[in-house]
Amino acid sequence: MKKLLLTLALVSLAVASVWPQSTEVVGSKRTEDVIYARKFGTALTFDVFEPEKKNGAAVFFMVSGGFVSSHDGINTKTYQPFLERGYTVFAIVHACQPKFQIPEITQDIHRALRYVRHNAARWGIDTNKFGITGGSAGGHLSLTMGTQGRPGSATAKDPIDRASSAVQAVACFFPPTDFLNWGEPGDNQVGIGKVGTQFKGAFGPRSDTAESREELGKEISPINFVTSNMPPTLIIHGDSDKLVPIYQAQIFEKKCREAGATCKLITKPGADHGWKGMEKDMVIFADWFDEHLRGIKPKD
């Protein structure tokens, strides 16, 4: 267990180290630890960053690496490109593996989106202008919401659960998209293989048999839920990524193209799982959200 946690920490640090670190974001108000759910007595929270001049749209940042999430992983400087353009940013912290597996973590994100949509007036945001972003596991969760965000239950006892978890635009870094075809067709990494074993806790006991691995792999792979009406999606991925191979982005983009969905893949030559200057790519994400949430075409 100690070895697993060390591995997860190193992965998270490897990605985090490429971001400029800061505890302040100029021209914004930060509200910490807003509770959006409770899970077996544990509070699930997000931080809200509100710009001085709001454009009415929201960006959800998935604070996740290796399906481990922590308030300490909130990197405020990362959100500057969004705040400068008037986006209200929600940094979402979710329950962690190995105690909770990917399907359970996914439910946390559905809940967070529903919570914000139900309380949209509190932050002055438009419920039809939600963008989502993250990297690696956070990218996977972003694509999961992009492909599987859905209406709430009209009969739910909790009014929050009656709200939709859909988003209107996605932009993410190096996301897992198909756990059953990792680096090539048939390369199963659902709790097995080089990567799957590293992150065994995220898959749990359902990855212990061939039959359940296949079932779970289909369930948690966003590629299996691509449709023509999914939100516009942007992926930036390094072609030398040793953890999540660019094949993952390529097959997802191909599936979207075949389905008639809008998906753009930007390849970073020579880049591994994170690279110096990623904050500049967040500006590209802000452009994407401007175009697809606000109708502002990018400048040539």
Side-chain angles (χ1 to χ4, degrees), residues 8 11-16 18-19 59-69 73-75 78-79 81-82 89-94 96-97 102 105-106 108-110 112-113 130-149 167 169-179 181-183 189 195 198-199 202 220-226 230-256 261-268 271-275 278-279 281-282 284-286 288-289 292:
L8 296 174
V11 170
S12 298
L13 286 171
V15 176
V18 303
W19 299 105
V59 170
F60 294 80
F61 190 94
M62 302 295 99
V63 183
S64 186
F67 297 100
V68 171
S69 187
I74 296 175
N75 186 341
T78 304
Y79 318 135
F82 304 131
V89 177
F90 298 84
I92 310 297
V93 178
H94 60 71
C96 301
Q97 67 107 334
I102 294 172
I105 292 169
T106 297
D108 295 344
I109 312 306
H110 280 290
L113 287 161
F130 281 16
I132 192 166
T133 185
S136 198
H140 169 271
L141 294 172
S142 297
L143 289 184
T144 298
M145 293 301 107
T147 56
Q148 297 158 72
V167 296
V170 180
C172 60
F173 293 108
F174 34 78
T177 70
D178 188 347
F179 291 99
N181 301 282
W182 192 251
Q189 296 290 328
V195 174
Q198 260 189 308
F199 300 98
I220 63 176
S221 296
I223 198 168
N224 295 320
F225 301 91
V226 168
M230 61 181 277
T233 299
L234 170 64
I235 299 173
I236 302 181
H237 206 130
D239 66 5
S240 296
D241 194 324
K242 298 180 185 64
L243 185 64
V244 181
I246 195 171
Y247 180 74
Q248 288 287 292
Q250 291 169 337
I251 58 176
F252 188 85
E253 187 275 336
K254 181 175 183 289
K255 183 71 174 287
C256 288
T262 298
C263 182
K264 181 178 180 180
L265 171 60
I266 297 176
T267 301
K268 301 288 286 189
D272 197 352
H273 200 67
W275 51 86
M278 282 179 69
E279 71 279 4
D281 294 311
M282 295 299 281
I284 298 175
F285 285 0
W288 187 259
F289 291 139
H292 296 288

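When a residue number appears, it is its place in the shown sequence, counting from 1. What you are looking at is a predicted structure, and each value in this text was computed from that prediction instead of being measured.
- At a threshold of 4.5 Å between non-hydrogen side-chain atoms, the residues Trp288 and Lys264 count as touching.
- In summary, Asp178 and Lys255 do not engage in a salt bridge, as defined by a charged side-chain N under 4.0 Å from a carboxylate O.
- The backbone N or O of Trp182 sits less than 3.5 Å from a side-chain atom of Gln248, completing a donor-acceptor pair.
- The aromatic rings of Phe173 and Trp275 lie perpendicular to each other, with more than 60° between the two planes, well past the 30° mark.
- Residues Thr144 and Ile109 have side chains not in contact (no heavy-atom distance under 4.5 Å, counting atoms from C-beta outward).
- Here the side chains of Thr106 and Ile220 are not in contact, with every heavy-atom distance at 4.5 Å or above.
- Counting heavy atoms from C-beta outward, Ile132 and Met62 have side chains that approach closer than 4.5 Å.
- Pro231 is not listed as a side-chain neighbour of His292, based on a closest heavy-atom distance of 4.5 Å or more.
- When side chains are defined from C-beta on, Met230 does not count as touching Thr262, because their heavy atoms never get closer than 4.5 Å.
- Not less than 6.0 angstrom separates the ring centroid of His237 from the ring centroid of Phe252.
- Side-chain atoms of Val59 and Phe285, non-hydrogen and from C-beta on, never get closer than 4.5 Å to each other.
- Ring pair Phe61/Tyr79: centre-to-centre distance below 6.0 Å.
- Scored by the side-chain contact (heavy atoms from CB on, under 4.5 Å) test, Ser240 finds no partners at all (sequence neighbours excluded).
- Under the 30°/60° scheme for interplanar angles, the aromatic rings of Phe67 and Phe179 are found to be tilted.
- Remark: side-chain polar atoms of Ser69 are paired, donor with acceptor, to backbone N or O of Val63 under 3.5 angstrom.
- From Glu253, atom CD reaches atom OG1 of Thr177 across 11.0 Å, with rounding to the nearest 0.5 Å.
- Taken from SG in Cys256 to CG in Leu143, the straight-line distance is 8.0 Å, to the nearest 0.5 Å.
- Note that the CG atom of Leu141 and the OG1 atom of Thr133 stand 11.5 Å from one another [nearest 0.5 Å].
- At least one side-chain heavy atom of Phe199 sits under 4.5 Å from a side-chain heavy atom of Leu243.
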